[in-house]
Amino acid sequence: MRAAIVCCFWNLQENRHGDLLDELAEAGHDVSLAHCLHQCAGCRRGPALEKDGVWHGEPDKEALRRAIGFDAEPDGNRLPDRRKPD
């Protein structure tokens with residue numbers, strides 16, 4: 001199922017999770033950037049975004065990936081792991 005993803009410019013710049021946003025866009029989700037999502041206290045703690053109108057903030061990028069359920073493509077099929085090895 002296709003999701004609407006919105007990320008705050010400040011959060012993206014501070015937490016460097018653009019590769020996750022790129023993966024979401026490549027998987028067919030509607031990804032956009034906003035000046036602010038008005039979640040500043042949580043936004044300053046780690047990577048954050050809004051998915052289908054619900055704000056998600058986590059301590060790291062992998063926790064955010066799990067929190068938003070980014071394990072499947074919009075059609076429900078499992079995504080290949082495109083992340084670069086550490």
Side-chain angles (χ1 to χ4, degrees):
M1 186 175 217
R2 187 174 173 172
I5 307 290
V6 181
C7 182
C8 160
F9 285 115
W10 184 90
N11 191 271
L12 177 61
Q13 181 179 3
E14 287 297 308
N15 294 293
R16 308 284 183 205
H17 58 288
D19 55 337
L20 174 57
L21 297 178
D22 287 344
E23 287 180 50
L24 288 163
E26 288 174 14
H29 299 287
D30 181 21
V31 177
S32 62
L33 297 174
H35 176 69
C36 181
L37 295 176
H38 304 287
Q39 299 287 346
C40 298
C43 185
R44 295 186 194 288
R45 294 183 183 156
L49 53 78
E50 193 173 274
K51 177 185 174 195
D52 293 331
V54 177
W55 185 85
H56 299 273
E58 296 295 331
D60 60 53
K61 186 171 39 178
E62 292 309 309
L64 180 60
R65 176 186 292 277
R66 288 187 302 274
I68 63 171
F70 187 51
D71 293 327
E73 293 185 18
D75 65 3
N77 292 326
R78 188 119 178 112
L79 274 175
D81 189 355
R82 295 182 221 166
R83 293 171 284 164
K84 296 177 183 169
D86 293 330

Side chains of Glu23 and Arg65, heavy atoms from C-beta outward: is any pair under 4.5 Å? yes
Taking Asn15 for the side chain and His17 for the main chain, is one N or O donor matched with an acceptor at less than 3.5 Å? no
Which atoms form the tightest heavy-atom contact between Trp55 and Ala48, and what is the distance? CZ2-CB, 3.5 Å
Taking the side chain as every heavy atom from C-beta outward, state whether Arg2 and Asp30 have any pair of such atoms under 4.5 Å apart. yes
SG of Cys7 to NE2 of His56, rounded to nearest 0.5 Å, is 12.5 Å
Same cluster or not: Leu33 versus Trp10, using hydrophobic residues (I, L, V, M, F, W, Y) connected whenever any side-chain heavy atoms lie under 4.5 Å apart? no
Would you mind reporting whether Gln13 and Phe9 have side-chain heavy atoms less than 4.5 Å apart? no
Is any side-chain heavy atom of His29 less than 4.5 Å from a side-chain heavy atom of Phe70? yes
Pair Arg66 + Glu58: basic N to acidic O under 4.0 Å: no
CG on Leu12 to CG on Leu21, rounded to 0.5 Å: 6.0 Å
Could you measure the distance from the CG atom of Asn11 to the CG atom of Leu37? Nearest 0.5 Å is fine. 8.5 Å
Test item: Lys61 and Asp19 side chains (from C-beta on) under 4.5 Å apart, heavy atoms: yes
Given side-chain contact (heavy atoms from CB on, under 4.5 Å), test Leu24 with Ile68 step by step and report yes or no. CA-CA 11 Å; Leu24 288 163; Ile68 63 171; 4.1 Å; yes
